[in-house]
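To keep things clear, I will list the structure first and then write my remarks on it.
Since this is a predicted model, take the numbers as computed values, not measurements.
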Amino acid sequence: MNYSELERKRKKIELLAKLVKIYGFLFNTIDVVIFRIDPITYGVKQVIGNVKKFFGVKKVDIIKDREWILKNVLLADGEIFCDGKKLKRTKYFFRDIWISHNCYKVINFRLPNGFQRRVKFMWNIYKENVFIVCLDITKEVEMIQDLERKEAFLNSLINSIPHGIILVDSEKLKVIRHKTSVNTADICRMMGIKDGVSLYDILPPDRLNFIKYNIDYVRMSGKYRVELIDIQILTDKEETIKKIIQLTFTKVDDMNVLILVNDVTEFFQLKEKYEYLSLHDPLTDLPNRRYLLKQLEHLCIQATRHGRKLAVLFIDIDNFKEINDFYGHEIGDKVLIKISQAIKYCLRPGDVVARMGGDEFIAILDDMSKVEDIQMVCRRIMDSSRNFAKDLNIDVTISIGVSVYPDDTTNPEELIAFADIAMYKVKQEGKNNFEFYSKQFSDKLRNRVNMINRLIEAIRNRSFLVYYQPVVDIKDIEFFEDEEKIREQIVRRDLIIGVEALVRWIDNGRLIPPMDFIPLAEDTNLIVPIGMIVADIATQQISQINKKLFINVSSKEFDYPLYFDNFLKILDKNNFDARMLNIEITESVIMRNIESFMKNLETVRARGVEICIDDFGTGYSSFSSLINIPANTIKIDKFFTHSMDKNDKVKRIVKTIIDIANVLGFNVVAEGVETTEQLKILREYGCNFAQGFLFFKPMPFDELKKIIAPTGKGAI
């Protein structure tokens, strides 16, 4: 061999050495390990790469231990021990893959610290050696598993959404994917919605234009959009049913729009039912006071426009309390139903009759120009009432007071008041008759003026007391039969969560209840200064016991421009936490003008004052508007509480109110609870709070302090 050949071999060896060095450096850098293995013994002959970093052991230890790979390759999850059977299985495993000529396999590899590494084995057989390239894919596997978990979670989340979901190509209106809920499955199926179908092929032109307009809107604006549509669906039985569907359009990206489909038919049916109930008396199915006042206002306008007269009849059942006491409330309810039927029987189609509450009814007779015609209707109602009640074996008579528009007044509410005065005169003179209002009924007016003057003097002298009726947490009350035990455990377990402030007037040393002067105070706007006095006294006293304070606010107080500003000044003066205050406002005030309601309450709500809808169920709120009311609590009127254990219709109404309140996130307080049976029904229906004589009567502050635990719970 000459010198030149030796030089070439030397350079080739140097080049190979450099390559080996470079490849070794490369393998140490990129977390790749190469084994050269004896295909017979499976012992490692050579190792290239950063084995210490990759497997946590040194190269020399791997080469010394001829069975190192066999011991540390895990063929099954959780495999730990290296016994003879395991080594034998591993040898068979390697032998099978040599024979099958598979180029790679993913295997779990055990590390000295007990953890496992997911390794991709790639091998090649060269001459009498097997070369295995080990690539760490632990992170990739974990990433894939994480993505699979996230995908499973998203699929589970989508499947849990109680709406139909339609993903639509916004250009071609092609359904990319759709998913149905229980209530939308039939709708989507009947409309022909499925993956791959185009909305162009299944929707009529008007619906198609509607859908396309909303898709274009959310694409351009980026905002979501909620719309309602009515659709007629032909069922499999070839029956046409009407459905009200809520569609929520949401932009996904520039090409796709997501449409949520929700069948809200039952919701709107419930809304219509509730709105009907809010306008009608549940016992007699007659219109209620709200409906009557609206109709009376309308008829007065029509009477003025056409130069007509109308009559208002205030009808009251004689001795109704005695009927209830002697025959029972069930018979009393039947009497009310019979009288309502008798009144309707005597009226013309254009006339109106309503139940005002208790045993009082109002009838409006339109276009009654002759007094004789009004008298004839009154006599007919009196005779029919007696005849309709005959099958109850009760002699029922009624008293009727009459006022005439525009002869007596042009104010609708005064028409009712004057008819009430005339009816009261009938009662004083022996009942079972009718009487027209006359300006000669001056005694009542003189008494009214006298009481106004005394009220003004009482305001000047602050001659008012505040009584408190506790509001009780009833969901955990244990006793139902023994009323005294109920009260004892309420005190012992501190179940009083708040109190309602009730004003009392001290007039010449006599305590006058609110019903004897509050209506007059509201009529004359004296309720505003009285309300300020009550707020001042109540916030001073209740701040000592850390309980929620419920204060009634009338429509006159609500409309007074500076009322709430003055109210907040009182809270600041008495260091009363505004978050512990709950203002009670009736439905009539709220629904009169929600925008005004929100504006007037803005300042107090900003301080944390909560809103309570009082006398719920007897008012006239629109259900769609009720959804937007920023209230925290509703109080079920005591009329329903008193009647529900005797009347299934009332019971169903109470359950409906509680269910609706729970859906809308309101707390519910039942007023006027007087019996353990009423308490059981309320508990069963999910009402958590109540007040009434079963628990405590209204009491002065000194008595209240005795039943309040030193560390009160505070708010609901």
Identify, with sequence neighbours excluded, every residue that meets side chain to side chain donor-acceptor pair (under 3.5 Å) alongside Asp476. none
Using modelled atom types and a 3.5 Å cut-off, is there a donor and acceptor pairing between side-chain atoms of Asn574 and backbone atoms of Phe576? no
Passing candidate, side chain to side chain contact (heavy atoms under 4.5 Å, CB included) with Met580, options Asn546, Thr539, Leu549, Val609: Asn546
Those residues at least two apart in sequence (or on a different chain) that pass side chain to side chain donor-acceptor pair (under 3.5 Å) with Arg289 are none
Roughly how far, to the nearest 0.5 Å, is the OG1 atom of Thr248 from the CG atom of Asn214? 10.5 Å
Walk me through it: do Lys569 and Asp572 pass the test salt bridge (Lys or Arg N to Asp or Glu O under 4.0 Å)? CA-CA 5 Å; Lys569 291 178 182 178; Asp572 293 336; over 6 Å; no
How far does CD1 of Ile653 sit from CG of Asn647, to the nearest 0.5 angstrom? 8.0 Å
Below 30° counts as parallel, above 60° as perpendicular, anything between as tilted: where do the rings of His280 and Tyr291 land? tilted
With sequence neighbours left out, the residues meeting side chain to side chain donor-acceptor pair (under 3.5 Å) with Thr641 are none
Lys573 atom NZ: more than 12 heavy-atom contacts under 6.0 Å: yes
Does NZ or CZ of Lys635 lie under 6.0 Å from the centre of the six-membered ring of Phe550, at an angle within 45° of the ring axis? yes
For Arg605, which residues count as a side chain to side chain donor-acceptor pair (under 3.5 Å) partner, sequence neighbours excluded? none
Minimum-distance pair of heavy atoms, taken over all atoms of Ile658 and Tyr685: CG2-O, 3.1 Å
Is there a donor in the side chain of Glu500 and an acceptor in the side chain of Asn582, or the other way round, less than 3.5 Å apart? no
So, taking the atom named OG1 in Thr633 and the one named CZ in Phe689, what distance separates them when rounded to the nearest 0.5 Å? 8.0 Å
Nearest 0.5 Å please: distance from the CG atom of Asn632 over to the NZ atom of Lys548. 7.0 Å
Measure the spacing between OG of Ser543 and CG of Leu571 and express it to the nearest 0.5 Å. 10.5 Å
Which pair of non-hydrogen atoms, one from Val673 and one from Ala690, has the smallest distance, and what is that distance? CG2-CB, 3.8 Å
Would you mind listing every salt bridge (Lys or Arg N to Asp or Glu O under 4.0 Å) that reaches into residues 650-666, with sequence neighbours excluded? Lys655-Asp659
Side-chain atoms of residues 292-302: list all donor-acceptor pairs with protein atoms under 3.5 Å, sequence neighbours left out, distances to 0.1 Å.
| residue | atom | partner | partner atom | Å |
| --- | --- | --- | --- | --- |
| Gln302 | OE1 | His306 | NE2 | 3.4 |

In Å, rounded to the nearest 0.5 Å, how long is the span from NZ of Lys223 to OG1 of Thr250? 14.0 Å
Where do Lys547 and Asp494 land on the salt bridge (Lys or Arg N to Asp or Glu O under 4.0 Å) test, with the steps shown first? CA-CA 11 Å; Lys547 293 293 180 183; Asp494 191 22; 3.0 Å; yes
